[in-house]
Amino acid sequence: MRLVILGGPGAGKGTQGEWLCQHLGISWVSTGDILRAAIAAKDSDGDCQTELGRQARSYVERGELVPDDIMIQFIQRRLSGSDLKAGWVLDGYPRTAFQAEELDFLLEKLNQHLDYALFLEVPVETLLARSLARAREDDTPEAIQRRLEAFQARTVPLLEYYEMKQRLLYINAELPIEQVRQEILEKLTARA
Ligand code: AMP
């Protein structure tokens, strides 16, 4: 199974997605985690070890989206990996309509298809409170605010994109974790 998991910062994409991967025996691909790891890996001069880390660093630190061309190239390499044959859940990708279209082109080339996009619906006030409580290194109030703005401006159009493709499943993600899991499984089973 191949899934995209959508939702604002703090919607529970990590919690639900990682569990879903274990449950379905598929791989977890979080672009945010991969970028953070690439940025954190430094050489002896304190520079990022990888090209990806160097390219993405300033954007991630400011809470801005990394440019599409960098992300598209990266995801192309990652999804072509032989370790992802059984399927995957993508967290943090696509973030823009352009990335979503490019993902479809890429999957066509790989002779694969996306099963569903899960949208974890959570009110903005809850997203804000959860992000502030998380206190990761890049979770400064300014970065959180920018990520929320980026989410609303650029990710919400993705919902229209996947709705149009009849691939979108709405999940009420304000509920407790167990209930959200249940709802995800029920909806995936109902549509299978
Ligand atoms: P996340 O943990 O998913 O909130 O991602 C953290 C940061 O990584 C974001 O604020 C962006 O700077 C960057 N990022 C992650 N995924 C993408 C993407 N698909 N497109 C652009 N930037 C991304």
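Any value given below was found using the heavy atoms of this structure, including those in side chains, with hydrogens, waters and symmetry copies removed. Indexing begins at 1, ligand by ligand and atom by atom, following the structure's order. None of the values given here were measured: they were computed from a predicted structure.
- Side chains of E163 and Y170: a donor on one and an acceptor on the other come within 3.5 Å.
- Close contacts of ligand 1 with Q99, meaning ligand atoms under 4.0 Å from a residue heavy atom, involve 18 (C), 19 (N), 20 (N), 21 (C).
- Among all non-hydrogen protein atoms, the one lying nearest atom 7 (C) of ligand 1 is V60 CG1, 4.1 Å.
- If you check which protein heavy atom lies closest to atom 22 (N) of ligand 1, you get V66 N, 2.9 Å.
- With a 6.0 Å radius and a threshold of 12 heavy atoms from other residues, nucleotides or ligands, N111 has its CG atom at or below the threshold.
- Residues T31 and D91 bring no donor and acceptor atom of their side chains to less than 3.5 Å of each other.
- Nearest to atom 2 (O) of ligand 1 by heavy atom, out of R36, E64, R146, is R36.
- Residues L110 and F74 share a single hydrophobic cluster, defined by chaining ILVMFWY side chains whose heavy atoms lie under 4.5 Å apart.
- If you number the atoms of ligand 1 from 1 as listed, the ones under 4.0 Å from a heavy atom of T31 come out as 15 (C), 16 (N), 17 (C).
- Partner of L90 under the side chain to side chain contact (heavy atoms under 4.5 Å, CB included) criterion, out of I5, L6, L103, L114: L103 alone.
- Among R147, K13, R95, the residue whose heavy atom lies closest to atom 1 (P) of ligand 1 is R95.
- Of all atoms in ligand 1, listed by their number and element, those nearer than 4.0 Å to a heavy atom of M71 are 17 (C), 18 (C), 19 (N), 20 (N), 21 (C).
- Of all the listed residues (A150, P94, G92), G92 holds the heavy atom that lies closest to atom 17 (C) of ligand 1.
- With distances taken over non-hydrogen atoms, the option nearest atom 8 (O) of ligand 1 out of D91, T96, L35 is L35.
- Q49 and D43 share no donor-acceptor pair across their side chains, judged by distance under 3.5 Å alone.
- Under the 4.5 Å side-chain contact rule for hydrophobic residues, L106 and V66 share a cluster.
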